[in-house]
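Atoms within a ligand are numbered from 1 in the order they appear, just like the ligands themselves. Bear in mind that the values here come from a model prediction, so they are computed numbers and not experimental data.
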Amino acid sequence: MNRQIDLKILDERLRDNLPEYATPGAAGLDLRAAIEKPLVIEPGQTELIPTGIAIHIADPSLAAMILPRSGLGHKSGIVLGNLVGLIDSDYQGQLFISTWNRGKTAFTLNPLDRLAQLIIVPVVQVGFNIVEEFDSSDRGEGGFGSTGKA
Ligand SMILES: O=c1ccn([C@H]2C[C@H](O)[C@@H](COP(=O)(O)OP(=O)(O)OP(=O)(O)O)O2)c(=O)[nH]1
């Protein structure tokens, strides 16, 4: 049995269209566009789209992330204006999808279209231990390609 998270239905049309896993192995739950009528998103335009639901994760060792759907992103250029949406465990408001048409043609979003996906991820909250020097590590300060390409 999956873990249970509180969910509020803010738009009655979502009652029969709740986020669900499409297959037993799916990681993401599709989020729908709770809009009233078709919306044309012009190239370069970003729209904040309501989902008609709110969740309260409550457990600070979990968070949710909103990610693009691969097909929409790859074929239609519909991705997220914030690239990734991070949903805090104490957020109780409606989930919104920042929807960016990064493509070259207008895109028509229809009511209840599956627009993005939500994943639930573990989170570790940390404190900071202030030091003057770090313990040595194999990488040290090397980054940004320091290990080469091949
Ligand atoms: O794509 C998103 C991203 C965020 N949120 C909601 C849930 C999240 O918990 C809250 C705040 O998000 P974030 O902390 O990323 O926003 P901020 O710009 O840093 O504003 P704030 O000052 O409210 O934290 O907004 C969404 O509905 N969709």
Can you list the ligand 1 atoms lying under 4.0 Å from a non-hydrogen atom of [X]?
X: Gly85; answer: 1 (O), 2 (C), 3 (C)
X: Gln94; answer: 27 (O)
X: Leu95; answer: 27 (O)

[atom]: which protein heavy atom is closest, and how many Å away?
atom: atom 4 (C) of ligand 1; result: Leu86 O, 3.5 Å
atom: atom 25 (O) of ligand 1; result: Tyr91 CE1, 4.0 Å
atom: atom 5 (N) of ligand 1; result: Ile87 CD1, 3.6 Å
atom: atom 14 (O) of ligand 1; result: Asp88 OD2, 3.7 Å
atom: atom 1 (O) of ligand 1; result: Asn82 ND2, 3.0 Å

Does any N or O atom in Phe96 lie less than 3.5 angstrom from one in ligand 1, N or O only?
yes

Heavy atoms from other residues, nucleotides or ligands near NE2 of His56 exceed 12 (cutoff 6.0 Å)
yes

Counting only non-hydrogen atoms of the protein, does one fall under 4.0 Å from [atom]?
atom: atom 23 (O) of ligand 1; answer: no
atom: atom 9 (O) of ligand 1; answer: yes
atom: atom 16 (O) of ligand 1; answer: no
atom: atom 19 (O) of ligand 1; answer: no

For [X] and [Y], indicate whether the former's side chain and the latter's backbone hold a donor-acceptor pair under 3.5 Å.
X: Gln94; Y: Leu10; value: no
X: Ser61; Y: Asp59; value: no
X: Asp88; Y: Asp90; value: no
X: Glu133; Y: Val131; value: no
X: Arg69; Y: Gln117; value: no
X: Asn101; Y: Ile78; value: no

Check Asp113 with Arg32, please: is the shortest side-chain N to carboxylate O separation under 4.0 Å?
no

Same apolar cluster: Val79 and Leu109, side chain cutoff 4.5 Å:
no

